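Below is one structure; the comments refer to it alone.
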2 protein chains.
Amino acid sequence: MSSLSEQALPLYQRVHDAVMARIVSGDLTPGAMLPSEFDLAAQYSVSQGTARKALNKLEQSGLVERHQGKGTFVATTTPETSLFHFFRLRHQDESQAIPQPFSETIRRRAANAKEAQVLSLEARGAVFEIARVRCIKKTKVCHETSVLNADLFPGLKERSPLPNALYPLYQRSYGVTIVRADEQLRAMEATSSIANMLAVSEATPVLEVERRAFDIVGRVVELRFSFYLTSQLHYSVSLR
Amino acid sequence: MSSLSEQALPLYQRVHDAVMARIVSGDLTPGAMLPSEFDLAAQYSVSQGTARKALNKLEQSGLVERHQGKGTFVATTTPETSLFHFFRLRHQDESQAIPQPFSETIRRRAANAKEAQVLSLEARGAVFEIARVRCIKKTKVCHETSVLNADLFPGLKERSPLPNALYPLYQRSYGVTIVRADEQLRAMEATSSIANMLAVSEATPVLEVERRAFDIVGRVVELRFSFYLTSQLHYSVSLR
DNA sequence: AAGTGGTCTAGACCACAAA
DNA sequence: TTGTGGTCTAGACCACTTT
């Protein structure tokens, strides 16, 4: 029996928030089964319909999955469904492009002013910088630099080489679930540094993507700059 | 009293589909008020809760808007909310960039093979091609070419000059509501033609956006190619 | 057979907006 | 004051999964 101290919020919202808090705190881990509608209703002294509405809201936001006859489970970022949800590069036939790791360097350093501001760190707080070049069919197609709050990812440097997809690593090993990514895209000429790493001539047009990745509670946990060669690939997005 | 012949579908789904059919057919036009939950329930012989679930689903898909104390209304693509929902260009501070019309040409011509396929036309069916250059603070920043099924937009050519935002025009004057846009983005060198129209040197990097715009029933009604200069602006998108 | 979520009902009361 | 949508309850029955 948990107490729901807040006033003025609808009951279903309080149940929703309480369950979400248990997920965020790690009390309920991805894959864990939640109490049934009936049990949840009893725990929070509401009707089954109200518990159902809270669970449905959690399902809509992607935090839990519901299956008739089986139960409600904390969502797992499964490889099939969303391993590459935030990776928007596609082949010309719109099939998912999956670049393979080519090189990787991880550094621990002090954040610059912009990074500290975006990641909500103290000035010059510690960050990890992951720089990777990836290729498709032996052709280098992207250079990505991810910057993370070092405190949230202890021992990250020792995990090198990192898996191809970083977000499942964040979730499984650090309990950080990425649910949203805001991206800014520009077309620019490759700098000499980028051109060198991607083995193209200087001033080749590249697609620059600046990403802020958010976790469940809305914190920016990753700032990433990517540079893509888009002669054979494109960035695909659906607006609705 | 409408009959809901289909079997095996949940009642709320049948009510949802029936109301959606009325909107798509033009029986209920944007801005029109829907029956209240109580009336709708009576019309389809279901409980108020079931009618409510159907209306909530319509609201989630953006087809209607609900306001406590006022009623439920067919969604209007209002200037404030979504006039520029599909226009993703932003200033550096993330404020909405609103380019002003600079030039416009509208042609009626036969569709090429790709256009016919994408727009589901017969080979060499009639299309309208709208080519526009737009600028911000007197600097040309984009060149856009939209291709439409001519049969869906009778007399479009005579409406020139078209308003800055095309989708409200599609909706108000032709009953075509755009609800989704799939976009493919690439960084490329400006062709001599594009460079000329945007008054930049050839081979300047430009952001190419290829868009397919879908209406309520899932038809592709517009194929658009845009070329943006992204030195002062960027394309902004939120993935979740 | 038991337990789960999915649908559906028929009411109740509340908050908000307009006449 | 009336009508609207928003919340909430307490039940019913169904479909699906597991034991």
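This one's a predicted model, so the numbers in the text were calculated from it and none came from an experiment.
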Along nucleotides 7-19 of chain C, 5' to 3', which nucleotides get a B, which get an S, and which get a -, given that the test is a protein heavy-atom distance under 4.0 Å?
BSB-----BBSS-
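An OP1 or OP2 oxygen of C/dT4 is reached within less than 4.0 angstrom by no side-chain nitrogen or oxygen of A/R66. Side-chain N/O atoms of B/T72 include one lying less than 4.0 angstrom from OP1 or OP2 on D/dG5.
A/F153 meets the ring pair (Phe, Tyr, Trp, His ring centres under 6.0 Å) test with A/Y170, A/Y174; sequence neighbours excluded. Judged as a side-chain hydrogen bond (donor to acceptor under 3.5 Å, both in side chains), and not counting sequence neighbours, the contacts of B/E94 are A/Q184, B/H234, B/S236. With sequence neighbours left out, A/H67 forms a side-chain hydrogen bond (donor to acceptor under 3.5 Å, both in side chains) with no residue at all.
Distance NE2 (A/H67) to C1' (D/dC16): 13 Å, rounded to an integer number of Å. Distance CG (A/D39) to P (C/dG3): 10 Å, rounded to an integer number of Å. Atom P of nucleotide D/dT4 and atom CG of B/L34 are separated by 12 Å, given to the nearest angstrom. One interatomic measurement links the two molecules: CZ of A/F38 to P of C/dT4, which rounds to 9 Å at whole-angstrom precision.
Side-chain atoms of B/N164 never come within 3.5 Å of backbone atoms of B/Q100 as a donor-acceptor pair (strictly under, hydrogens ignored).
Listed by first and then second residue, the salt bridge (Lys or Arg N to Asp or Glu O under 4.0 Å) pairs that reach into residues 43-62 of chain B are B/E37-B/R52, sequence neighbours excluded.
Annotation: cation-pi pair B/R211/B/Y167 absent, no NZ/CZ under 6.0 Å from the ring centroid and within 45° of its normal. Judged by a 6.0 Å distance limit and a 45° cone about the ring axis, B/R22 is not positioned over the six-membered ring of B/Y44.
Taking 4.5 Å as the limit, every side-chain heavy atom of B/V237 sits out of range of all side-chain heavy atoms of A/R88.
Between the axis at the start and the axis at the end of the helix from C/dA1-D/dT18 to C/dA18-D/dT1 there is an angle of 10°, using five pairs per end and rounding to 10 degrees.
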